[in-house]
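Here is the structure we will look at.
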Amino acid sequence: MPSLGALAPVLAIPNIPVGDHVVRKIGGISLNLDTIWTTLIAGAIVLGLGLYVRSKGRSGVPSKIQLLWEFVVGSVQDQVEASLGPQYRQVVPLAVTIFMLVLTANWIEVLPGVYHNTDYLPAASADVNLTYALGILVIVLANAAAIRRKGLRRYVAHYFRAPRVMFPMHIIEEVVKPFTLALRLFGNLFAGGIMIALILAFTTPISSPVTAVVTMGWKLFDMFIGAIQAFIFALLTILYYEFAVSEEAH
């Protein structure tokens with residue numbers, strides 16, 4: 001069994017910065033500027049990609065990017081029509097946009113740097129403020145669709161469905177949805193940054209080449225996790241929309 005002395009280098013891991021951001025106060029409100037500019041860059045990439053595909057769509061010869069875009073849109077449309085029916089195709093643009101935005105926000109940290117607190121372009125989705133905003137947006141739009149479908153009276157009445165004693169639980173279930181949606185995405189992306197920080201904490205001048213290879217490998221794994229989490233977020237958006245507009249109680 002190793003002695004405490006042997007474990008000393010391991011236990012002497014430097015403090016891992018958690019929640020460090022470039023903060024500026026404007027009008028008494030603290031703004032995480034790194035999250036804002038990476039979100040804007042991710043949004044610009046998605047918008048630019050959409051406009052590019054739209055312009056190429058008229059040329060008659062589909063490019064690889066167009067084929068990829070059509071595959072994403074087709075997959076989401078098939079999922080929506082299978083679960084909601086063709087009359088709810090209006091949720092397809094929302095789900096596709098969220099998937100592409102979250103995917104870009106997750107992958108943007110691959111650009112320079114090795115840890116989100118020191119990256120020039122940190123993953124915007126590693127900031128819980130952005131994931132909360134996305135989660136709240138999804139639930140608000142889903143409930144707005146439910147009110148349009150059922151009318152305000154039937155929408156309110158479904159919270160008092162039998163057994164009525166469960167009314168508080170139905171309210172709590174709806175309130176926690178954006179938080180669970182947000183924390184799932186944030187936790188997975190933030191954990192990737194923590195793992196990189198732990199790898200760097202064990203780096204020595206001798207082990208630097210090995211650390212660089214391991215860090216690069218973990219970055220690639222992070223990209224895979226980012227794609228999976230973007231898919232899950234888009235899928236849950238469709239499911240929450242389905243639960244909201246369904247005539248059956250959930």
Side-chain angles (χ1 to χ4, degrees), residues 26-32 35-36 39-40 42-43 46-47 50 54 69 72-106 124-125 127-189 229-250:
I26 300 177
I29 300 175
S30 297
L31 302 176
N32 295 344
T35 303
I36 292 174
T39 302
L40 290 175
V46 174
L47 180 61
R54 182 174 180 272
W69 189 274
V72 172
V73 174
S75 300
V76 173
Q77 186 168 324
D78 290 344
Q79 178 65 38
V80 169
E81 292 186 1
S83 56
L84 295 172
Q87 67 272 31
Y88 288 104
R89 286 177 182 168
Q90 67 268 24
V91 76
V92 173
L94 171 65
V96 171
T97 303
I98 285 181
F99 172 77
M100 295 302 295
L101 179 64
V102 173
L103 180 66
T104 308
N106 292 348
S125 45
D127 185 343
V128 74
N129 294 294
L130 175 65
T131 59
Y132 277 150
L134 289 174
I136 291 171
L137 173 68
V138 167
I139 300 305
V140 168
L141 291 178
N143 280 275
I147 293 173
R148 285 198 304 271
R149 167 72 183 272
K150 303 174 182 177
L152 182 59
R153 186 173 181 179
R154 288 179 59 204
Y155 168 79
V156 175
H158 97 279
Y159 287 104
F160 295 91
R161 62 186 181 271
R164 292 188 176 182
V165 70
M166 296 296 290
F167 160 72
M169 297 303 297
H170 297 155
I171 296 295
I172 293 174
E173 179 186 20
E174 199 64 29
V175 170
V176 302
K177 278 180 181 176
F179 295 99
T180 57
L181 192 60
L183 292 176
R184 179 183 294 105
L185 176 61
F186 163 73
N188 281 281
L189 269 293
Q229 290 305 315
F231 171 76
I232 291 175
F233 203 97
L235 180 62
L236 288 176
T237 297
I238 296 172
L239 292 178
Y240 284 149
Y241 196 95
E242 178 187 359
F243 293 162
V245 301
S246 174
E247 295 294 338
E248 298 178 0
H250 293 279

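Start at 1 with the first residue, then count along the sequence.
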**Criterion side-chain contact (heavy atoms from CB on, under 4.5 Å) on Ile36 and Leu31, from CA distance to verdict** = CA-CA 8 Å; Ile36 292 174; Leu31 302 176; 3.9 Å; yes
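Contact record, Pro93 with Thr97: O-OG1, 2.6 Å, taken as the closest heavy-atom pair. Smallest separation of non-hydrogen atoms from Arg148 and Tyr241: NH2-OH, 4.1 Å. In terms of heavy atoms, Val96 sits closest to Val72 at CG1-CG1, 4.4 Å.
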Residues 131-146, side-chain donor-acceptor partners within the protein, below 3.5 Å, at least two apart:
from   : atom 1 : to     : atom 2 : distance (Å)
Thr131 : OG1    : Val128 : O      : 3.0
Thr131 : OG1    : Ala182 : O      : 3.4
Asn143 : OD1    : Tyr155 : OH     : 2.5
Asn143 : ND2    : Ile139 : O      : 2.7
Asn143 : ND2    : Glu174 : OE2    : 3.1

Under 3.5 Å donor-acceptor pairs involving side-chain atoms of residues 231-240, not counting sequence neighbours:
from   : atom 1 : to     : atom 2 : distance (Å)
Thr237 : OG1    : Phe233 : O      : 2.8

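In this structure the side chain of Leu185 reaches within 4.5 angstrom of the side chain of Asn106, judged on heavy atoms. Arg54 is not listed as a side-chain neighbour of Trp69, based on a closest heavy-atom distance of 4.5 Å or more.
The CD atom of Glu81 sits 4.5 Å away from atom CD of Gln77, with the distance rounded to the nearest 0.5 Å.
At distances below 3.5 Å, at least one donor-acceptor pair connects side-chain atoms of Lys150 with backbone N or O atoms of Ala244.
For Arg184, the salt bridge (Lys or Arg N to Asp or Glu O under 4.0 Å) criterion is met by no residue, not counting sequence neighbours.
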